[in-house]
Structures are given as C-alpha cells and as structure tokens.
Amino acid sequence: MFTMMNAARINVGSQGVQVAEAAWQRARAFARERVQSARAGSAAKSPVAIVEHPDVRRMLLRMRALTEAARALLYFTAGQVDRGALGDAAAQARADVLVPLIKAWGTDIGIEVASLGVQVHGGTGYVEETGAAQHYRDARILPIYEGTNGIQAMDLVGRKLPMRMGGVMGDHLAKIKATVDELNAVGGELGAVAASLADGVAAVETANAWIFEHGLADPKQAIAGATPYLGLLGTVTGGWFSARLALAAHAELAAGSDDVEYLRAKIVNARFYATHLLPRAAGYLPGVTAGSALLDEATVEGLASV
C-alpha cells in the first residue's frame, strides 16, 4: 500500500512542477510581448515590454527559480526510489524522507508559481482568454488529493524525521553542507549562496533538535509545527538543488562551454533563490518551536465567536 501511495504522491508532486512550468512559460511569453509604460529610470519615455520592469522581472525570476528547484527535487526523489528498488537501502531511506516533501512542497510551489503567473498578466490573467487562471485552478487541487499537504507534513515529522533517530535527515543535511563547502571553494558570487544555504541548514537543525526534545514525549507538539517544518525543509532543500545547478553551470563555463546565456541563468537563479527565497527558511522556525500552546488557546468556542 505504501509503495502505491508513494508512487501516487510523487506523481502529484510532478503535477505541481508541470503546472508551474506551464504557468512560467505562459507568463514569460506574455511579459515579452505586453508593452506598458516607460522603463523606470530611463530618459526614454516610450513604453517597453513589461519584462523590462523590475517588479515583473522579480516575479519571473521567482517563478523560474521555484520551478527549477521543485523539478530538481522531483527528479532526485524519483531517482532515489529507483535506486531503492534495486536494493540500495540508503537511497530508499532518502526517498522515504523526500516523498512527502515533493508531494507537499512541490504542489505548494505549483500554486505559488501559478498565482504569480496570473499576477504577471495583470487583469487579463483573471479572465479566460490568457489561460493563466486555468493554471491556478489546476494547481489548487494538488495539495488536497493523495493525502493533504497537512498529512504529508505530519508524516514527515512523525514517521520520517525519527528514522534512525534522525540519522536519515542528518545524512540529507550532510549532503547540503557538502554543497556549501563546494560553493565556498568556488567563492565569488557563489560565496553568498553558500552563506544563505548554511543559514538555512542551521534553521533545520534547530527545528530538528526542538522536535526531538519536545515532540517525542508529546507528539502534539511536533504535529502543531509540522506544516511550518515542511515549509522550512522544502525551502532549504530547494535552495540546495538550486545551488547544485549553479555549481554545475559554473563548471561548464570554466570548461569553455559556449552555452553562456543558459548557464549564466542557472547561476542567476541560485543567487536569486539565496537572496529572495532562502531567507524565508528562518521565518518558518518560530512556527515549529511554538508548539501547540497558542493553538490550544484558540478554543472551539473562541473560533466560533464573531
């Protein structure tokens, strides 16, 4: 049964990635064609394509960075499942940890990217002619079926994090730390990526320690912060894959590849992710370590009051 459910959850995570990709491609094409207003700070007063405007470019970069990170997580998770099926116990353990992550974080990314796609289109994104709103509707079911994302989060902290008393998660974080070391060795523009990723790993380790201290004795404490924990781990893991793509691109450029524009885009992605997205990781931490006390104060009667 769990083999079947894992396959289904990976497939749903894949749907999140594919909706994000479709939304990103549609928004990118629209932003290159839609002409509106002069470029900020430019002496020229003639209107330009909206891709020239900083806020639109920020949204497009966010869409691309999130989509590529989620896709890398999807491929890596599927690869670990395949290796596990061939008898690699360590790969199977990694897959067990990552399946709830790709299902939940991957589908949350699908919603976020599809929503940004509507925003890039402006008012026209809310009507049917563009197709942007369809992506958002398609994405919205994904966090619900094959186990809601809240259930995935509870599975992550209740079953997967305690595997080998946190050893499997520790192995995962060790791989991210190894990438931090590689980034630091390269230095330069990737050094800032390393610092941001290291901060994210530290936040995950703090959350892990809190859950083991408080959540094992009282599972309600861990479950209360399960969804923020999944957001924290997903954000950091996505940053890891973004950084690995940047390292691979840097190596290709150093080897003399002439595919400069494509490879530079991977490095820009990683820098954007580190600057704009990885700082969100620390913001999830208070939701993990708050436990259930504040949630318990919100009584049924209090929630029903006007």
Requested in this report: Identify which one of I109, T107, N11, L74 satisfies the side chain to side chain contact (heavy atoms under 4.5 Å, CB included) criterion when paired with I102.
Outcome: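 Exactly one pass, corresponding to L74.
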Report task. Apply the side chain to side chain contact (heavy atoms under 4.5 Å, CB included) test between W24 and each candidate in V120, L60, L116; give the one that qualifies. Result ->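 Per the side chain to side chain contact (heavy atoms under 4.5 Å, CB included) rule, the option paired with W24 is L60, out of V120, L60, L116.
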Heavy-atom closest contact ([X] atom, [Y] atom, distance):
X: Y273; Y: T235; answer: OH-O, 2.8 Å
X: A281; Y: G200; answer: CB-CA, 4.4 Å
X: L295; Y: A224; answer: CD1-CB, 3.7 Å
X: A23; Y: A114; answer: CB-CA, 3.8 Å

Closer than 3.5 angstrom, by distance alone: can the side chain of [X] be matched with the main-chain N or O of [Y] as a donor-acceptor pair?
X: T299; Y: G302; value: yes
X: T124; Y: H121; value: yes
X: T148; Y: I144; value: no
X: S14; Y: I10; value: no
X: E68; Y: R64; value: no
X: R26; Y: T130; value: yes
X: H214; Y: A209; value: no
X: S115; Y: I111; value: no
X: Q36; Y: P47; value: no
X: D88; Y: G84; value: no

Looking at [X], I'd like to know if its [atom1] atom is crowded, meaning that more than 12 non-hydrogen atoms belonging to other residues, nucleotides or ligands lie closer than 6.0 Å.
X: Y145; atom1: OH; answer: yes
X: R32; atom1: CZ; answer: no
X: R83; atom1: CZ; answer: no
X: Q25; atom1: CD; answer: yes

Below 4.0 angstrom, N of the basic side chain to O of the carboxylate: do [X] and [Y] qualify?
X: K103; Y: E146; value: no
X: E252; Y: K266; value: no
X: R57; Y: E52; value: yes
X: D96; Y: R159; value: no

Any chance you could measure [X], atom [atom1], to [Y], atom [atom2], to the nearest 0.5 Å?
X: R271; Y: S242; atom1: CZ; atom2: OG; result: 11.5 Å
X: R28; Y: M59; atom1: CZ; atom2: CE; result: 15.5 Å
X: K160; Y: D155; atom1: NZ; atom2: CG; result: 3.5 Å
X: N149; Y: L156; atom1: CG; atom2: CG; result: 11.5 Å
X: L86; Y: Q92; atom1: CG; atom2: CD; result: 10.5 Å
X: I211; Y: L216; atom1: CD1; atom2: CG; result: 9.0 Å

Query raised in the report: Going through the distances and angles, do D55 and R58 end up as a side chain to side chain contact (heavy atoms under 4.5 Å, CB included)?
Result: CA-CA 5 Å; D55 192 57; R58 176 193 60 80; 2.9 Å; yes
Do [X] and [Y] belong to the same hydrophobic cluster, where Ile, Leu, Val, Met, Phe, Trp and Tyr are linked whenever their side-chain heavy atoms lie under 4.5 Å apart, directly or via other members?
X: V17; Y: Y136; answer: no
X: Y284; Y: L294; answer: no
X: I223; Y: W105; answer: no
X: Y229; Y: V168; answer: yes
X: M154; Y: M163; answer: no

Report task. Take E182 and R244 through the test salt bridge (Lys or Arg N to Asp or Glu O under 4.0 Å) and record every step on the way to the result. Result -> CA-CA 9 Å; E182 291 182 61; R244 290 180 63 183; over 6 Å; no
Requested in this report: Test E21 against R71 for side chain to side chain contact (heavy atoms under 4.5 Å, CB included), laying out the working first.
Outcome: CA-CA 9 Å; E21 176 66 27; R71 183 188 298 113; 2.3 Å; yes
Report task. Ignoring hydrogens and angles, state whether a donor on the side chain of D218 or Q221 is under 3.5 Å from an acceptor on the partner side chain. Result ->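 Yes, because at least one side-chain N or O of D218 sits under 3.5 Å from a partner of the opposite role on Q221.
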Query raised in the report: Run the side-chain hydrogen bond (donor to acceptor under 3.5 Å, both in side chains) check on W210 and T289 step by step: do they pass?
Result: CA-CA 6 Å; W210 190 93; T289 59; 5.2 Å; no
